[in-house]
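Just below is one structure, and these are the notes that go with it.
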2 protein chains.
Amino acid sequence: MDETAPQKGTVTQRAMEHIKAMIAEGRLEPGQRLPTERDLAAQLGLSRSSMREAIRALTVLGVLEARHGSGIYVTQLEAGDLLETFGVVADLSRGPRLVELLEVRRILESTATALAAARIGADQLAEVEKHLTAMNATDDPEEILAHDLAFHREIAAAAGNDTMAAILEGLSSRTFRARVWRGYEEEGAFDRTRREHAAIHRALVAHDPEAARAAAAAHVGEVEEWLRTQLGA
Amino acid sequence: MDETAPQKGTVTQRAMEHIKAMIAEGRLEPGQRLPTERDLAAQLGLSRSSMREAIRALTVLGVLEARHGSGIYVTQLEAGDLLETFGVVADLSRGPRLVELLEVRRILESTATALAAARIGADQLAEVEKHLTAMNATDDPEEILAHDLAFHREIAAAAGNDTMAAILEGLSSRTFRARVWRGYEEEGAFDRTRREHAAIHRALVAHDPEAARAAAAAHVGEVEEWLRTQLGA
DNA sequence: AAGCGGTAGTGGTCCGACCACTCTGCTGGC
DNA sequence: GCCAGCAGAGTGGTCGGACCACTACCGCTT
């Protein structure tokens, strides 16, 4: 029998696996409060320093949430919580991988938009329109970008798949778009973007999934192609 | 002027942002070695403990790699490195979100298989066939699962989009599949799985993207539907 | 009963020490 | 001259303790 653990990897990694296992097995429920760092460290037989590293790591992964002065809690483990780190990928990617990311986004966004066309209700449609008009009413690039993001976010939410929406959120992270679109929009692509957004909106109003899919794919594909040529030059 | 940093968030978070920024700005190249923990802590004006938490967090995210006794290095920042954490999402998801994950996988896998049908070469096709025959030649569930994973992994690789392949890898993580497929395969779905894999293979041989897309979508969709009914019961 | 202040307890930070491992360069024998 | 082996310095990994910043709760005052 092994009284002591099998000594695989660092103690911090073992602690992370232990906590993850407790959650996976249902011994820790979403929202539940964990024992204190000091108690946890004592239970697993390691120092508070190492335990803190494990907790910090799980915090950035969106599994745990630490509240200063209160305690450590399991997050709701919703798609948004766990997929927040997806944005890091987008932020640190350069060159060819940006095209790959846009390709993934084109596939998911077109499908999400098609689903949204079939399912979207009046309330959500009103929200989409709000951002569409606000986007067309200003010339401030920052504001345009914000409404552009919200426009697609509303559509993704209307698709009814939170996981997909969270992934798309990461693929459209603010810094990512700012980096890619800066050059794109400078080439006078504002008008084209407006036309494409209008086409997507029309398809949503008509509840026409195929038209929505095509419009969204073309919308992302335009940027994708532009970026491809930029890199090839 | 601010001689000291603007004091936003914890010092550990600031350290993480600092290192990420250094990589994003190109001051740190993939594969490059970082200063020692002690030096980094001194440079950013914080303790080694806090710096270690930041490093550990970035290590978990796949951005850094710590080699005991040698130093800390920036990873190659490839899709596989950064998207490894995607598996955590799959491992900790339950109930309705499993269906959502399968839906995302169906969309990406069908597209990846379609791309593979158009692009796959003789060598990769041989690899796919190897796993297909090996999968049909045994009754050991563990071995079947391993070849099943490799089968789809080869196809994803042949699609030519490393980012998409890395995401699919996370969505097909061993524990995820083991959890879902255990029940599915127990209902005598082995034969159906074999037929579906054969259909995918035929489409690849024929270099028929649309047939490949349909076959892959049906393949994942079968499991998706089964899981949906399981949850509804 | 409501407001308020104090206090115990929590996570956040820092320090210093030691351990385990890697790499390098020197030493010794062949 | 060359190579195996050893020893040292340097690195990340772990530990224990101390103190700070903040939160929550309890009891006191009004």
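Remember, predicted model here, so these are calculated numbers, not experimental data. Within every chain, numbering begins at 1; the chains are lettered A, B, ... in the order of the sequence lines, protein sequences first and strands thereafter.
Between the CD atom of A:E37 and the P atom of D:dG17 there is a distance of 16 Å, rounded to whole Å. Atom CG in B:L40 sits about 8 Å away from atom P in D:dG12, given to the nearest Å. Rounding to whole angstrom units, CG of residue B:L46 and P of D:dC20 are separated by 19 Å. Per the geometry, OH belonging to B:Y73 stands 7 Å off P belonging to C:dC23, to the nearest Å. Across the protein-nucleic acid pair, B:R38 atom CZ and C:dC18 atom P stand 13 Å apart, rounded to whole Å. A:D39 places its CG atom 13 Å from the C1' atom of C:dG11, with the value rounded to the nearest Å. When rounded to the nearest whole Å, the span between CE of B:M51 and C1' of C:dC15 equals 16 Å. Counting to the nearest Å, the C1' atom of D:dG12 and the CD atom of B:E53 are 15 Å from each other.
In terms of position on DNA chain C, the residue among B:R67 and A:H68 whose nearest nucleotide sits closer to the 5' end is A:H68. If you find the closest nucleotide of DNA chain D to A:G69 and to A:S50, the one lying nearer the 5' end belongs to A:S50.
Using a 4.0 Å cut-off between charged side-chain N and carboxylate O, A:R97 and A:E100 make no salt bridge.
In this structure, A:I72 reaches the sugar-phosphate backbone alone: every heavy-atom distance under 4.0 Å involves primed, P, OP1 or OP2 atoms, never a base. In this structure, A:I55 reaches neither bases nor backbone, as no heavy-atom distance under 4.0 Å exists between it and the strands shown.
Below the 3.5 angstrom threshold, one finds a donor paired with an acceptor across the side chain of B:S49 and the base of C:dC15. At a cut-off of 3.5 angstrom, counting only N and O atoms as typed in the model, there is no donor on one side facing an acceptor on the other between the side-chain of A:R56 and the base of C:dG12.
Contact annotation: A:S70 does not reach the phosphate of C:dG9 (side-chain N/O to OP1 or OP2, under 4.0 Å).
In plain terms, the two heavy atoms of B:I120 and B:L204 that are nearest each other are CG2-O, 4.2 Å.
The closest donor-acceptor contact from the side chain of A:Q43 to the backbone of A:L40 lies at 3.5 Å or more, if one exists at all. Remark: side-chain polar atoms of B:S110 are paired, donor with acceptor, to backbone N or O of B:R106 under 3.5 angstrom.
The ring of A:H147 has its center no closer than 6.0 angstrom to the ring center of A:H152.
When the nucleotides D:dT14, C:dG12, D:dG12 are ranked by their closest atom to the side chain of A:T10, D:dT14 comes out on top. In this structure, the nucleotide among D:dG13, D:dC15, C:dG12 sitting nearest to the side chain of A:R52 is C:dG12. Taking every side-chain heavy atom of B:R48 into account, D:dG13 is the closest of D:dG13, C:dG11, C:dC23.
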